[in-house]
Amino acid sequence: MSPLATVLRRVVGLGAAVLLSSFAVFLVPFVSPGDPVRSLLRARMDFGEADEATVQAYAEQFGLHDPMLVQFGRWLGRFFTGDMGLSHISGTPVADQVLPAIGVTLSLAGSALLAAILVSILLGVISATRAGQWPDKLITSITHALIAIPEYALAPLLVLLFAVRWALLPSAGYDSPASLVLPVFILALRPISFFTVAVRSGVRQALDSEHVLAARARGLSRTQALARHVVPHGLLPLWTMVGVWFAGLLGGSVIVEVIFAIPGMGRLIFDAITDADIPVAQGGVVVVVTCAVLVTGIIDLIHKLSDPNVRIGVRHG
Amino acid sequence: MYWVETTFWIASPRRKSMAKELEFIDLSVSSGQKLLLSSARGALRSGELVAVVGRSGSGKTLLTKAIMGLLPEQLQAEGQVLLDGQRLDQLGDKAMDQVRGRRISMLFQQPKRVMNPRMTIRAHLLEAMGAHGWGKARQHEPRVLALLEEVGLFPAAQIAGKRPDQLSGGMAQRAMLAIALAADPEFILADEPTSSLDSILKAEVLQLLRRKQQERGVGVLFITHDIASIQHIADRVVVVSDGQIVDQCPTAQIFSKDRHAKTRELVEAALPALREPRTETSGCLLEAVEASKNYTRRAKGQAALKPTSLCLHGGQVLGVVGRSGSGKSTFARLLAGLEQPTTGRIITEHNGGTATRVQVIAQEPYSSFDPNLAIRTSMSAAVHRLPVEQARERMAQAMSQVGLPVELLERRPGQCSGGQLQRLAIARALLTNPQVLICDESTSALDSVAQRHILDLLLELRDKMGLSLVVISHDMDVIRYASDDVAVFYEGELVEHRPLNDFLTSAEHQHSKDLVAALDITAAATAAG
Amino acid sequence: MAKRSASRILLSAPAFILLAVVIVTIAAPLISPYDPDAQSLADRLQGPNMVHLLGTDALGRDTLSRVLHGGQFSLSVALITTLFSLLVGTILGLLSALRGGWLDEIFLRVNDLLLALPEIVIALLIIAVMGPGFFTMVLSVGVVAWTPTARLVRSMAAQVLSTHHVEASKHVGASRWFILRHHVLPFVAGPVLAQAALRFGLLLVLLGSLSYLGIGVQPPQSDWGSMLAEAQPHAIRSPWGLIAPGAAIFLVSFCVTLLGNRITHVLGGDDVLDSEPKAEIHG
Amino acid sequence: TPAPDAAADSEARVVVANFRAPVSNWALESDDAYVLSIAGCLETLTKYDQTEKKVEPMLATSWKQTSDTVWDFELRKNVKFQDGTAFDAKAVAASLNHVLEATAPARAVNPKTIKKVEAVDADTVRVTTPAADPLLPYRMASVNAGVLSPAAYTDQGIDPMNHCTGPFAPVSEKAGQSLTLDRNENYWDGEVKLAGGEIRYITEGATRATQVQTGEADISMSIPATSLATLEADNKVSVLKADSPRTSTLYLNNSRAPFDNVDLRKAATMALDLPAMAASIYEGAAQPATGPFAPSEPWANPDLAVPQVNIEEAKKLVEASGYKQDKPLDIIAITERAEFAGVGAIIQEQFKQIGLKANVVTKSYGAVEPDVLAGKYDMILSQRNRMIDIADPIGFLQADYTCEGGYNLSHYCNKDYDKLVGQAQVEKDQAKRNDLYRQAGDILAKDAVNVWLVNEQAIDGVGSKVQGYVQDPLTRYVMTKDLAKTK
Ligand SMILES: Nc1ncnc2c1ncn2[C@@H]1O[C@H](COP(=O)(O)OP(=O)(O)OP(=O)(O)O)[C@@H](O)[C@H]1O
Ligand SMILES: Nc1ncnc2c1ncn2[C@@H]1O[C@H](COP(=O)(O)OP(=O)(O)OP(=O)(O)O)[C@@H](O)[C@H]1O
Ligand SMILES: [Mg+2]
Ligand SMILES: [Mg+2]
């Protein structure tokens with residue numbers, strides 16, 4: 001399939017994804033128990049025993065009592081003119097909430113993945129080149145242990161040690177680079193283990209491949225062959241994973257955002273759904289889905305353009 | 001016992017300054033307890049081309065890897081490797097790096113697989129010259145171009161910028177040679193560098209290799225399983241069998257009758273026994289009428305097969321040749337009904353309205369059976385609709401038809417040899433009572449001995465059961481050996497279709513002429529035998 | 001052969017630990033020292049001691065007993081979710097690979113979408129609609145959890161289906177069922193089983209996170225995740241409340257991952273983690 | 001306050017970890033007004049003094065009731081908005097009218113309590129109420145009645161930056177994270193000790209507690225009970241507690257069986273060990289409740305005591321009620337308050353002893369609200385603020401317990417009670433009003449309408465460098481001109 005067709009297919013897929021997911025979010029207040037308008041009012045005013053008139057007036061203001069499809073149509077209409085609507089709680093443009101949040105999450109997920117990539121390249125290469133020896137066994141055990149760690153148990157313990165006991169790092173917040181250390185560490189754990197395994201097996205495969213043997217036969221030393229031929233090849237599976245993980249982390253860091261009081265995307269969507277602030281939830285989900293599809297799409301495309309085997313469409317069978 | 005006569009070149013006095021010598025003494029390679037190569041000894045001097053022949057799995061590749069010190073970690077080597085008297089096997093990794101590529105370099109079987117798909121030919125060459133790093137490229141550009149031109153790649157500048165997958169097989173093999181020559185080595189170990197090429201390319205590359213070897217005076221160790229291809233270029237021949245060097249002699253002597261049995265076997269397999277092609281006149285069993293195939297979307301691009309008409313008679317052996325990508329397989333798949341023609345049609349119904357049963361035997365014996373299943377299970381695919389007892393009988397029958405014991409059915413593919421698997425594949429095809437067998441490169445993955453056996457089996461089946469065969473091969477020897485009629489494909493087009501003898505003597509199309517000419521390079525063998 | 005492989009998998013430390021955990025959890029009502037709900041406000045937030053081996057929680061309930069009982073919930077939800085996603089994933093993956101065409105295309109798009117939508121957000125949507133509880137938890141996680149299995153099954157099935165040997169089988173007249181039964185399923189089963197083990201471990205942690213966020217299991221029921229949430233505020237005074245259920249999740253998840261890895265090894269694979277989805281390269 | 005001796009640092013800035021994040025684009029009718037008030041930005045005409053328990057002048061120097069429904073407020077003269085514009089009656093009227101016109105008006109300041117606001121002259125604002133309302137000065141102390149410069153009201157909503165009158169001017173905001181403030185050099189009430197500060201929005205209680213412990217925050221508001229013991233053990237942090245006007249309550253559905261029976265309700269009260277509950281779940285950071293009011297409130301009946309556990313008596317009452325249980329009762333514990341799960345567990349255990357079977361079901365408040373308001377439930381654990389925005393319980397007594405009350409979760413109806421509340425509503429004399437409140441409370445207690453479990457406490461954690469912090473249980477005033485910090 002040509003790159004152009006790939007792009008087109010992605011775009012269509014993206015459109016469908018955005019429509020479907022935003023509609024799914026949109027349905028929530030219509031099918032869940034409780035009055036969404038009261039829920040909105042409660043978010044504005046704690047213990048607001050809003051009377052019926054207020055509920056009516058508020059619903060009126062945002063057209064919340066219109067038929068479901070009318071409401072969705074209205075949202076769609078606005079959406080296609082680039083307007084994600086107004087938050088039902090603050091009355092301000094959704095973009096004003098979503099864009100800073102996605103910025104935060106992008107930087108958080110980005111740093112976590114960057115850290116994970118660096119660490120896992122190191123670990124993966126070590127363990128692939130020492131396959132079967134103790135460094136490999138140790139690293140393999142670590143990678144299997146890392147994915148089993150419940151981050152919601154580890155994070156409080158780390159805060160306890162690093163922030164409370166030793167006062168080395170901030171306990172929460174999102175302002176200084178130091179405040180990123182713990183969240184990034186926690187977020188990076190699981191990717192590290194998956195990436196390390198990917199790098200390890202990629203490098204092992206590359207080590208066994210004939211062109212590396214040929215490179216050695218050409219007179220390249222072990223290290224040269226490793227640096228020039230093995231590692232670049234061994235990292236191929238890693239890049240495809242990074243896309244998926246990036247997509248997953250975009251909205252998937254709710255736990256970390258809650259524990260470290262980080263105003264990111266996961267948290268925003270979580271709160272918006274809880275408070276029935278559907279435009280914000282929709283906007284958030286749409287942005288997350290778009291970013292995720294874009295990231296995986298771009299990686300897919302880069303992969304296609306850069307890997308000759310994929311590009312020329314090696315026939316299998 | 002054969003060592004006695006071979007000592008003459010091992011023990012030859014060393015010419016210290018001039019003649020370089022690469023020597024291996026009692027070289028053994030083992031995997032755990034298992035000896036894969038035992039006490040091999042031999043030598044190679046510069047300016048000499050020594051062929052190493054032997055059947056598949058006999059240990060030829062291990063020999064080269066052991067010399068280079070590049071055995072996989074799980075294998076252990078013992079013995080001495082001497083380069084001008086220097087023990088290579090005792091050199092450290094660092095010192096060995098100075099030897100590899102610079103003093104001894106290698107050629108491989110599949111050039112595209114052994115080149116880094118992301119690197120240009122230029123980068124490969126620079127790397128081989130030991131010139132990595134920024135800015136070196138420009139400085140070494142003249143040498144890069146000179147090397148490429150030396151191996152006949154024009155225009156060199158353009159080719160240097162290409163990546164392996166942008167080259168044809170022959171070009172890639174030449175590029176590989178350029179890379180091997182880049183650091184001006186004294187010895188080249190060539191591990192079946194031509195086996196993936198069609199006959200024309202093969203002849204070209206062989207001649208090129210021989211020329212370079214003589215011009216530059218390097219020593220070449222040329223590994224192959226095909227004796228015919230080396231008889232004009234090799235100075236000496238070493239025969240390997242089951243991990244042992246069983247015979248070696250000057251090339252001319254290899255054809256004498258009193259050589260080692262293994263040598264005889266190889267020689268015989270290579271000898272194209274000329275048989276009388278049959279001319280069949282029975283009606284068409286399978287017919288292609290203006291059949292064409294285009295794989296591109298909505299048939300916009302180039303057709304893989306242009307409209308082709310051809311008729312296959314009962315009991316006929318049709319040889320199909322053509323270079324890679326010329327549409328041979330496409331044609332076979334159309335005939336077998338595995339693919340629908342884009343235009344035209346394939347007529348399978350002749351005499352009496354019953355459809356002709358067509359079966360295909362694939363190229364790769366190892367991939368035509370599920371590696372996880374016992375052969376019996378895989379085979380039963382053809383008869384699983386029958387009652388168990390009957391199916392069992394049919395399988396036993398088929399096995400005897402291909403000359404294999406039934407016990408083989410209980411094995412897994414990994415436990416069988418390539419030749420056996422190819423027979424099993426034929427047996428499986430026979431279960432469906434085919435009238436036509438299409439063999440798409442069915443023998444090219446096999447060594448020459450196994451290849452010969454399979455071809456004989458096929459011809460025997462033709463005689464006994466009246467099967468029609470379509471033998472597809474890029475190897476003219478195979479075509480000549482087996483076929484009654486020859487069809488030549490060139491760039492998706494059937495350019496020539498005539499009886500074998502006509503074809504050999506009076507081919508019309510230029511490509512056909514090239515094919516016949518390439519055949520001549522090995523033709524003298526007949527006389528020698 | 002098969003017997004030896006099975007024993008190589010089952011006669012291993014992780015398998016024994018898991019077996020022990022399962023037995024202990026099932027037998028929790030018999031062996032746990034106390035009623036997990038019995039409160040003793042006077043004995044709250046104790047550290048480990050002879051009376052309460054793992055100490056007590058904020059209501060003076062015995063942590064050990066609660067960990068044992070909590071395991072019933074945690075493990076059964078994770079197990080059901082895993083089985084659910086295994087079943088759904090295998091069927092959909094096979095369908096997609098066998099049928100191909102538009103079905104496959106839809107399959108890929110849905111997968112992309114589910115991959116892009118964070119698991120917790122999807123869980124949240126479902127929970128917002130259905131309210132928290134056992135069934136909701138299984139459903140909300142199950143909705144996404146089948147995708148890795150399905151992708152694996154699809155890609156492996158597609159891989160087998162495109163091999164020469166399947167083409168050969170087809171060519172000599174094998175039925176669809178023959179191919180599915182002899183070529184596809186045996187090829188797919190092992191890796192899928194190994195992946196299921198890995199998924200179980202991951203799901204255990206994920207389900208725990210729902211409970212931790214308060215949208216999973218609801219009191220008076222409790223699982224390891226909700227125990228963690230309850231214990232966290234008291235972490236400084238009584239870290240054992242945090243450590244015990246955290247360690248339980250970790251132990252089970254770790255062992256089951258190792259088990260999956262062992263299966264992968266026996267099958268000749270490299271690492272079970274390799275089976276997690278990578279960005280699909282649509283060729 | 002902790003460090004009385006050391007000299008205050010005039011360049012110091014404080015960090016306040018607040019439990020609330022603004023969500024309504026600073027709309028003054030919403031709870032966002034609290035954030036602005038805490039920040040020392042937003043000020044009101046009057047101010048409620050917690051220690052004196054009375055309303056005092058703030059932006060208004062005096063006020064008088066010219067008729068039953070008309071009040072005139074005399075504005076302070078030397079006040080300027082932080083942006084330099086004049087503080088006058090027009091700006092005040094505009095601010096108040098803005099809140100009154102809101103679609104979802106504030107609880108204390110809305111068209112039902114205030115008819116109109118107008119500027120009489122430059123320094124006089126006239127407020128008209130629909131009916132006689134002695135509590136108007138209290139309402140004017142509510143944060144929702146805050147005054148901002150006219151420039152704050154923009155098309156895009158409210159922009160508080162530099163538009164207040166208070167000691168601190170907001171200068172920048174990090175969305176969802178914090179609001180930064182600088183000292184108002186021209187504050188009308190004299191010198192401001194701090195150079196500025198930051199309000200951090202940290203909605204997780206445990207995190208707030210940790211932050212004051214690590215010194216990342218100087219003041220952490222609303223410390224959860226679970227973190228109390230830890231903070232108290234830390235000598236770098238002082239913990240301030242005050243009775244909050246919140247009582248955790250087990251609401252009983254008075255409108256349907258079985259709790260339409262007063263005997264059963266009384267039995268429920270007797271079965272529960274409130275002190276144990278306060279000591280365990282609430283970590284001692286709450287007092288067992290004696291009735292609907294906290295004992296420290298002026299209208300509480302000092303004679304009421306914490307109900308004694310009396311299982312025998314309770315069993316008898318259950319018997320007397322004739323209640324035969326065929327299926328367990330449901331106790332709804334709302335998920336918004338984490339401790340209710342534990343409270344529910346305790347109640348479940350203790351009800352068992354008097355033969356009442358109950359199940360705890362946890363649900364989000366939003367999901368159960370319709371059912372609860374419709375009277376379709378048995379028991380719900382919830383918690384109510386008696387003095388919503390104004391330091392007087394009238395709104396609460398009326399909404400929660402009168403027959404027509406808009407938030408009568410218990411579905412309680414008693415004509416005598418309604419009459420008392422009606423009288424209190426128009427009573428101008430505060431002492432008499434308090435007396436009426438007390439009598440009303442007594443009726444509720446006698447009828448055992450609900451089980452009032454514990455009176456919660458407002459707990460603030462304060463770092464050792466902070467000076468001049470006065471805790472406000474209604475969480476309105478934190479950054480004042482007198483707040484200071486040592487080096
Ligand atoms: N890494 C290895 N581990 C174990 N056995 C090996 C390994 N590599 C090769 N062998 C075995 O060693 C024997 C010789 O192999 P080798 O590759 O040298 O054969 P060959 O003569 O080059 O055959 P071909 O013509 O097919 O290339 C074979 O039986 C092969 O199975
Ligand atoms: N399934 C397919 N899809 C797209 N293109 C194809 C397909 N099969 C073959 N082609 C193209 O059709 C042309 C003819 O291919 P074919 O396999 O028939 O060649 P061949 O003569 O068998 O070559 P070889 O000797 O390498 O086997 C080639 O250019 C090939 O790339
Ligand atoms: Mg070989
Ligand atoms: Mg072909």
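First the proteins, then the strands, lettered A, B, ... as listed; each starts at 1.
Using a 3.5 Å distance cut-off with no hydrogens or angles, the side chains of D:N25 and A:T92 do not pair a donor with an acceptor.
D:T203 touches chain A through its side chain: at least one heavy atom from C-beta onward sits under 4.5 Å away, while N, CA, C and O do not. Using a 4.5 Å cut-off between heavy atoms, A:S171 contacts chain D through both its backbone and its side chain. Using a 4.5 Å cut-off between heavy atoms, A:I259 contacts chain D through its backbone alone, with no side-chain atom that close. For A:A167, no part sits under 4.5 Å from any heavy atom of chain D, backbone or side chain. Proximity to chain A (any heavy atom under 4.5 Å) is shown, for D:P105, by both the backbone and the side chain. Residue D:E216 touches chain A through its side chain alone, counting heavy-atom pairs closer than 4.5 Å. Only the side chain of D:A27 has a heavy atom closer than 4.5 Å to any heavy atom of chain A. Neither the backbone nor the side chain of D:K363 comes within contact range of chain A; no heavy atoms are under 4.5 Å apart. Both the backbone and the side chain of A:V258 have a heavy atom closer than 4.5 Å to some heavy atom of chain D. Heavy atoms closer than 4.5 Å to chain A are found nowhere in D:A33, neither backbone nor side chain.
When every heavy atom of A:A115 is checked against every heavy atom of A:V184, the shortest pair comes out as CB-CG1, 4.3 Å.
Not less than 6.0 angstrom separates the ring centroid of A:F260 from the ring centroid of A:Y174.
Between the side chain of D:N408 and the main chain of D:G405, no donor-acceptor pair closer than 3.5 Å is present. Without hydrogens or angle criteria, D:S227 side chain to D:I223 main chain gives no donor-acceptor distance under 3.5 Å.
For the set D:Q156, D:R20, D:E29, D:R200, the count of heavy-atom pairs under 4.5 angstrom toward chain A peaks at D:E29. Chosen from D:D234, D:T210, D:N144, D:D371, the residue pairing most often with chain A at heavy-atom distances under 4.5 Å is D:T210. Highest contact tally toward chain D, considering only A:D175, A:I262, A:V159, is held by A:D175 [criterion: heavy-atom pairs under 4.5 Å].
Ring orientation note: the planes of A:F72 and A:F23 are nearly perpendicular, at an angle over 60° on the 30°/60° scale. Using cut-offs of 30° and 60° for the angle between ring planes, the D:H98 and D:Y153 rings count as tilted.
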Worksheet item: Can you list the steps and then say if D:L409 with D:L373 is a side-chain contact (heavy atoms from CB on, under 4.5 Å)?
Response: CA-CA 6 Å; D:L409 297 188; D:L373 286 177; 3.8 Å; yes
Worksheet item: Passes side-chain contact (heavy atoms from CB on, under 4.5 Å), D:L36 versus D:L179? Steps please.
Response: CA-CA 9 Å; D:L36 289 181; D:L179 180 70; 4.3 Å; yes
